[in-house]
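Right, one structure below, let's go through it.
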Amino acid sequence: MTDAPLLDAWRAAKAREGHSMQIPGHKMRYGKSASDPFAPDLLDEVIRDDIPLQGGADDNVFSGRVLEKAEALWAEAIEADHARFLLGGSTQGNIAALTSVVAPGVTICIDRTSHRSAHAGLVTSGADPCWILPRIHPDFGVPIGVHAGDIDMSGAYALFVTSPAYVGTMTNIRALADLCHAQDSVLIVDQAWGAHLDFLPGRGAHAHGADVVTTSVHKALTGYSQTAVTSLKGSRVLPSTLTHGVDLTATTSPSATLLASIEATRLAMQRDGSARLALMSEAVHDARMALSRIAGVVALTDELLGCEMDPLKLTLFVPETGTTGARIAAELWQRGVGVEAADADTLIMTVTIADDPDTLADVVSLLEGVIESQRGPARSPAPAATWQIQPDVVMTPRAAYFAHRRRMPLRDAVGQVSTEQFCPYPPGVPLLAPGERVSEEVVEAIGAAGRMTRMAYCSDPTAKTIEVVADATVR
Ligand SMILES: Cc1ncc(COP(=O)(O)O)c(C=O)c1O
């Protein structure tokens, strides 16, 4: 096996001469003719690197098996037993994992603050969720991990948690793995934000005993947007079982360009990853120290939170500056710096191996200036409702999703059962999910979050109306 079978095949396909009589419709004609009316914007710009897997990097019958080989090399690199590359992000990974591992009527303990894709996976799998909640830090209002002692796994076939959380806090996966494996249950971890952890010895979820793990290669590592990997370790879930879920949710026309970027990321990590991760972890540590010297700013650390924190996540808590994370983020955006997420109290920044310490230091001084320009009297924290949800569950997500629906004003829907998700995005955790009763508090929270950020995945983009269960018979 070569070092990079998929990437090599992608390069060979790019250099190959000939004429394609198959998809993709653009025929990979980039760079071939300057007079081509499609050339300037389309062929030579936005799709200039697009090579399909089928009839591109591999032939139509996949005789080169380049994807399979690349997936095996990824699994080996992260010390897993099996891996599948995904082009639908960790969204696809979560839906695929849930649809593979659980089934209608099977109980799964699952963190209610999971990303919307995990809630979607409950609709596709039909499993019965037993909702659990992470602990919340009393001062900073952010999740600080799911605790094994808070979970009753009796009767549950699987446990689903997210680590790192959106804010960078991590769960003690070893304790959860022990809890699950004592009764031969499956631990599924959404590690969408922690792809880099798999390349830090002993830090990734598999290293702590997780059975199925999904990571976004495009988030904490350097893959094309949409790229992710779902992987298996141990024998509780068979590769063929995970494959059912992956194939159920995958396109039949995968882009070898996107897939090869996963392999190129692995190569980069194996060549230079440890040094870059060490360099940037140090830079984040320095940035946290520097930012904490700004009056009123708290940069969250392991010590402050009492739980492990992603070494590359920079999360600030700002109420005492008098301004909000959202106002700081808006000003930074005007100045060319996009941050991962912001709400009233927090500002979250993602640092990767593609950053460098000098750029990070520049962002720190920019932040200092912006905060000073917005400084006001210290205010009380206004924690995001996202992490505080206490759902009133009436029926399974699947039963609600497939029930007959009727639309009504959200304000009038208190007491009704939702068929849909209302997700402030980011972080994409539903404030209200299918099967949950609408309450006054939830209506308030949706209104407040909608003033701060985009309210996504509800059928009415204004979030003024809602589709509720009209009757629970299947549509
Ligand atoms: C915790 C978590 N899981 C899954 C996802 C979905 O990842 P992707 O955007 O790669 O589909 C996200 C997206 O932000 C997320 O925050």
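Atom set for the values below is all heavy atoms of this structure, side chains included, hydrogens, waters and symmetry mates excluded. As the structure lists them, so they are numbered: ligands from 1, and atoms in each ligand from 1.
- Between the His115 side chain and the Ser117 main chain, a donor and an acceptor come within less than 3.5 Å of each other.
- The residue Gln226 has no part lying near ligand 1, judged by heavy-atom distances below 4.0 Å.
- Between His119 and the options Trp131, Tyr401, Phe422, a ring pair (Phe, Tyr, Trp, His ring centres under 6.0 Å) holds for only Trp131.
- Across Tyr166 and Lys313, no two heavy atoms sit closer than the pair O-CE, 3.2 Å.
- In terms of polar-atom proximity, Ser90 is counted as a contact of ligand 1, with an N or O under 3.5 Å from an N or O of the ligand.
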Inset, instruction - For Glu331 and Arg327, run salt bridge (charged side-chain N to carboxylate O under 4.0 Å, His left out): C-alpha distance rounded to whole Å, both residues' side-chain angles, the deciding distance at 0.1 Å, then the answer. - result: CA-CA 6 Å; Glu331 181 61 28; Arg327 278 189 68 209; over 6 Å; no
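- Annotation for ligand 1: atoms under 4.0 Å from non-hydrogen atoms of Tyr425 are 13 (C), 14 (O).
- Atoms of ligand 1 found under 4.0 Å from any heavy atom of Thr162, numbered from 1 in the order shown, are 1 (C).
- Counting heavy atoms closer than 4.0 Å to ligand 1, residue His218 contributes side-chain atoms (C-beta onward) but none from N, CA, C or O.
- Regarding atom 14 (O) of ligand 1, its nearest protein heavy-atom neighbour is Lys219 NZ, 3.2 Å.
- Salt-bridge check for Glu303 with Arg288: failed, with every basic side-chain N at 4.0 Å or more from each acidic carboxylate O.
- In this structure, Arg203 forms no cation-pi arrangement with Phe199, as its terminal cationic atom is not both closer than 6.0 Å to the ring centre and no more than 45° off the ring axis.
- For the residue pair Lys219 and Ala192, the shortest heavy atom distance occurs at CD-O, 3.6 Å.
- Using a 4.0 Å cut-off between heavy atoms, Thr214 makes no contact with ligand 1 at all.
- Taking every non-hydrogen atom of Ala192 and a distance limit under 4.0 Å, the qualifying atoms of ligand 1 come out as 2 (C), 3 (N), 4 (C).
- Minimum heavy-atom separation, Leu367 to Met349: CD1-CE, 3.8 Å.
- Taking only nitrogen or oxygen atoms, main chain and side chain alike, Ser117 does not reach within less than 3.5 Å of ligand 1.
- Summarising the local packing, NE2 of His26 is surrounded by more than 12 heavy atoms from other residues, nucleotides or ligands at distances under 6.0 Å.
- Distance from atom 11 (O) of ligand 1 to its nearest protein heavy atom, with residue and atom name: Thr91 OG1, 2.6 Å.
- Short contacts between ligand 1 and Ser216, defined as distances under 4.0 Å to a heavy atom of the residue, involve ligand atoms 7 (O), 8 (P), 10 (O).
- Counting atoms of ligand 1 from 1 in the listed order, those under 4.0 Å from a heavy atom of Asn94 are 3 (N), 4 (C).
- When the heavy-atom distances from atom 4 (C) of ligand 1 to Val217, Asp190, Thr113, Thr227 are ranked, the shortest goes to Asp190.
- Remark: ligand 1 and Trp193 share an N or O pair separated by less than 3.5 Å (distance only, no angle test).
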